[in-house]
Amino acid sequence: MNQAGGNRPRDTTLRRFREVVCFGCALVLWLLAWRVESSGFAGHRGRGALVALGALETLWLMLIFWREQSAAKADQVPWITLAWASLPAWCALQLLVGSLLGSR
């Protein structure tokens with residue numbers, strides 16, 4: 001399928017499925033971190049921190065997507081691979097920030 005004029009790997013149905021599942025998992029982990037540390041994310045300061053973390057994660061996803069699109073074909077690393085690998089780190093960061101805010 002990766003022939004000249006054929007479908008590129010990033011256009012496959014399986015890739016799109018992985019992207020949807022990754023975004024779904026990211027949303028669930030974001031909501032779970034918010035629920036677990038709801039006391040830390042309560043109030044104006046906590047909600048601001050939660051929104052900031054969500055914005056940073058969005059910027060990260062945009063950056064790795066842009067990097068894949070602008071890289072030479074031989075140097076392309078699928079952005080979805082990096083996104084999957086970063087999910088635990090984002091969840092841990094959200095839990096850490098929530099616990100720090102909750103301890104004050």
Side-chain angles (χ1 to χ4, degrees):
M1 287 207 166
N2 196 12
Q3 303 162 349
N7 289 339
R8 295 170 67 170
R10 67 175 168 243
D11 296 331
T12 65
T13 305
L14 180 59
R15 171 103 182 239
R16 295 294 167 226
F17 176 75
R18 284 182 66 204
E19 291 171 352
V20 168
V21 171
C22 184
F23 283 128
C25 287
L27 178 63
V28 166
L29 288 173
W30 191 76
L31 291 171
L32 183 63
W34 171 76
R35 179 68 177 129
V36 168
E37 293 295 336
S38 60
S39 64
F41 290 121
H44 180 69
R45 193 171 169 184
R47 285 190 297 269
L50 191 61
V51 168
L53 286 171
L56 283 173
E57 189 171 1
T58 301
L59 287 173
W60 161 251
L61 292 173
M62 289 171 46
L63 176 70
I64 61 177
F65 180 79
W66 172 80
R67 184 184 175 280
E68 177 191 350
Q69 299 301 314
S70 63
K73 190 166 180 106
D75 297 331
Q76 285 181 342
V77 175
W79 76 274
I80 194 66
T81 301
L82 297 173
W84 269 114
S86 70
L87 282 179
W90 284 107
C91 185
L93 181 62
Q94 291 165 354
L95 290 172
L96 176 67
V97 169
S99 67
L100 289 174
L101 289 172
S103 65
R104 292 181 182 204

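Computed from a prediction, not measured in an experiment: that's the story for all the values here.
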Next item on the list: For residues Leu101 and Ala49, report the shortest heavy-atom separation together with the two atoms involved.
Entry: CD1-CB, 3.6 Å
Item checked: Contact check, side chains of Leu87 and Glu57, non-hydrogen atoms, under 4.5 Å -> yes
Checklist line | side-chain contact (heavy atoms from CB on, under 4.5 Å) involving Thr58 - partner list, sequence neighbours excluded | finding: Met62
Next item on the list: Provide the full list of ring-ring contact (aromatic ring centres under 6.0 Å, His included) pairs with a residue in residues 23-52, sequence neighbours left out, each pair given once.
Entry: Phe23-Trp79
Item checked: Trp84: partners by side-chain hydrogen bond (donor to acceptor under 3.5 Å, both in side chains), with sequence neighbours left out -> none
Check: Would Val28 and Leu50 show up in the same hydrophobic cluster when neighbours are defined by side-chain heavy atoms closer than 4.5 Å?
Finding: no
Item checked: side chain to side chain contact (heavy atoms under 4.5 Å, CB included) between Val20 and Phe17, intermediate numbers included -> CA-CA 5 Å; Val20 168; Phe17 176 75; 5.7 Å; no
Checklist line | Point-to-point distance, once rounded to the nearest 0.5 Å, from CD of Gln69 to CD1 of Ile64 | finding: 11.5 Å
Next item on the list: Answer yes if Leu27 and Trp90 sit in the same cluster of Ile, Leu, Val, Met, Phe, Trp and Tyr residues linked by side chain heavy atoms under 4.5 Å apart, and no otherwise.
Entry: yes
Next item on the list: Please test Leu96 against Glu37 for side chain to side chain contact (heavy atoms under 4.5 Å, CB included), starting from the C-alpha separation and ending with a verdict.
Entry: CA-CA 9 Å; Leu96 176 67; Glu37 293 295 336; over 6 Å; no
Note to self: So, taking the atom named CG in Leu56 and the one named CG in Leu63, what distance separates them when rounded to the nearest 0.5 Å?
What the structure shows: 12.0 Å
Next item on the list: Identify the two heavy atoms, one from Leu29 and one from Gln94, that lie closest to each other, and give their separation to 0.1 Å.
Entry: O-OE1, 3.8 Å
Item checked: Non-neighbouring partners of Val77 that pass side-chain contact (heavy atoms from CB on, under 4.5 Å), sequence neighbours left out -> Arg67, Leu82
Note to self: Under 4.5 Å between side-chain heavy atoms, counting indirect links through other Ile/Leu/Val/Met/Phe/Trp/Tyr residues: same cluster for Leu61 and Leu31 or not?
What the structure shows: yes
